[in-house]
Structure formats: C-alpha cells, structure tokens
Amino acid sequence: DAKTTQPPSMDCAEGRAANLPCNHSTISGNEYVYWYRQIHSQGPQYIIHGLKNNETNEMASLIITEDRKSSTLILPHATLRDTAVYYCSRITGGGNKLTFGTGTQLKVEL
Amino acid sequence: GAGVSQSPRYKVAKRGQDVALRCDPISGHVSLFWYQQALGQGPEFLTYFQNEAQLDKSGLPSDRFFAERPEGSVSTLKIQRTQQEDSAVYLCASSLRRHLRTEGTDTQYFGPGTRLTVL
C-alpha cells in the first residue's frame, strides 16, 4: 500500500522559513507530488506541485530529492495566517485520484 | 473568480435518512471529484466524473453511496439510509482536464465541503 508520511506537527516563528518534510518512498516514476493546506472548516487549498524538478511559485518552494523518495515544502517567510494543516499528496500522471498523506499541523507563532 | 461551491455547508441527519449533497464546480471545468474526510484525517477519494460520465467510483464505500452529474456541470452525492460512520466532511473538487493523458496533470481545486453529522 502506497504510503505518504509527514510529521504530525511543527512550530515556526513568524518571519522565519517553515520547512515541511514529506516521505513518499514508494512513489512511482510518473506520480506527481502535490501540496495542499487546510485551514479549519475550509477545503484544501492548492499550494504547489512537481514531478522531478524543484518548483517555486508566489506561495512556496518545493524541493524534491533526486531519488524522489522525499520532498520538502518551504514557506520562505511564515506568517500567522500560514497556520494550517499541510498535506503532501500524490497523483499519477494521467490519473485522477489524489492520495493524501497524513498531514502536518503547522503552528506559526510570534 | 468564483471557486467550487458546495451546499449545504452543514447537514444533520438521523440514522436511516437519505441525504443529498450538491457541488457546483468552477465554470468550464470538465472533471469533478468527490472526497470524504473523516475527523483528523486527510481526504480520501470517492469518485470522479469527466463531463457527465462517471469514470471511477472505486472509492465509494458501499452501494448506499451514489453520485451523479447528469448535465456535466452540477453534481450530487447521495447517501441512502445514513449510518453514524458516514459522519464526515464531503469535499468536492474540479479541474480543467479536457482529456485523459498518460502524462501531465491538472490541479484539482476544492470547495469548502459539507459537514455531515449522522445522529
């Protein structure tokens, strides 16, 4: 059974970088890594995705290891509004089913 | 622009009642997905539509769960004879995806969900 594991919780000081790890050691060659976050009582919000190369957008950066067995989501300057549960997930290219990881509760504090 | 909308946002049902949950996808999005999220867990896939065709229903937990999208836009997830274990947040997502490809991927955008509580 494919598993995507994440630490259950992390703390980060406001203004500092938040680095959220994800282990997907059983990922297939054509599976994409997607990151979403979920604030209480809201639906998951898309952050970023990648296949092999590192990616950056206005929200975050995604670093994928060369063997693709793990990745790290980086929020460069965390704010209090970044407090949320962050989900690492995977989807097969051409596929339709997102498989979500266990999620990390990120708490950003003053 | 308008995102995915779902209604009702909250639903309380007595055990044995039937419920219907509605999803309005982003305008122009071809693909529509339903997920179930139990308390403290990540979302889990239920079913997928491309236009009006239900192409994957492998995640539906029992034959009490039924989904439809008759005109390729709005979708309804129906749960018959609800049980307490059906209590969860039901999430709908949509993506542009115009055709099945072996490579590439389209981002799924989620609605706020419907929280179903079965008493």
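The figures that follow rest on heavy atoms only: side chains count, while hydrogens, waters and symmetry mates do not. Convention: sequence-line order gives letters A, B, ...; per-chain numbering from 1.
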(request) Would you please test Gln108(B) and Ile91(A) for side-chain contact (heavy atoms from CB on, under 4.5 Å) and show each step? (result) CA-CA 11 Å; Gln108(B) 297 182 24; Ile91(A) 188 168; 3.8 Å; yes
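- Residues Tyr36(A) and Tyr48(B) share a single hydrophobic cluster, defined by chaining ILVMFWY side chains whose heavy atoms lie under 4.5 Å apart.
- At distances below 3.5 Å, at least one donor-acceptor pair connects side-chain atoms of Tyr35(B) with backbone N or O atoms of Leu98(A).
- Only the side chain of Gln37(B) comes within contact range of chain A, judged by heavy atoms closer than 4.5 Å.
- Note on Gly43(A), Gly103(A), Ser89(A), Pro44(A): by heavy-atom pairs under 4.5 Å with chain B, the leading option is Pro44(A).
- The environment of CD in Glu44(B) is sparse: at most 12 heavy-atom neighbours from other residues, nucleotides or ligands sit within 6.0 Å.
- Atoms CG and OH, from Asp106(B) and Tyr32(A) in turn, are 9.5 Å apart once rounded to the nearest 0.5 Å.
- Residues Phe45(B) and Tyr109(B) share a single hydrophobic cluster, defined by chaining ILVMFWY side chains whose heavy atoms lie under 4.5 Å apart.
- Val74(B) and Ile26(B) sit in two unconnected hydrophobic clusters of ILVMFWY residues. Membership requires side-chain heavy atoms under 4.5 Å apart, directly or through other members.
- Residue Gln105(A): no heavy atom, backbone or side chain, is found under 4.5 Å from chain B.
- Placement of Val85(A) and Leu91(B) within a single hydrophobic cluster is found when ILVMFWY residues are connected by side-chain heavy-atom separations under 4.5 Å, directly or transitively.
- Neither the backbone nor the side chain of Thr47(B) comes within contact range of chain A; no heavy atom of the residue lies under 4.5 Å from a heavy atom of that chain.
- Residues Tyr87(A) and Gln41(B) come closest through the heavy atom pair OH-O, 3.2 Å.
- Summarising the local packing, CZ of Arg9(B) is surrounded by more than 12 heavy atoms from other residues, nucleotides or ligands at distances under 6.0 Å.
- One finds the CD1 atom of Ile48(A) at 10.5 Å from the OG1 atom of Thr107(B) (value rounded to the nearest 0.5 Å).
- Cluster annotation: Leu20(A) is not connected to Ile63(A) through the hydrophobic network of ILVMFWY side chains, with a link wherever side-chain heavy atoms come within less than 4.5 Å.
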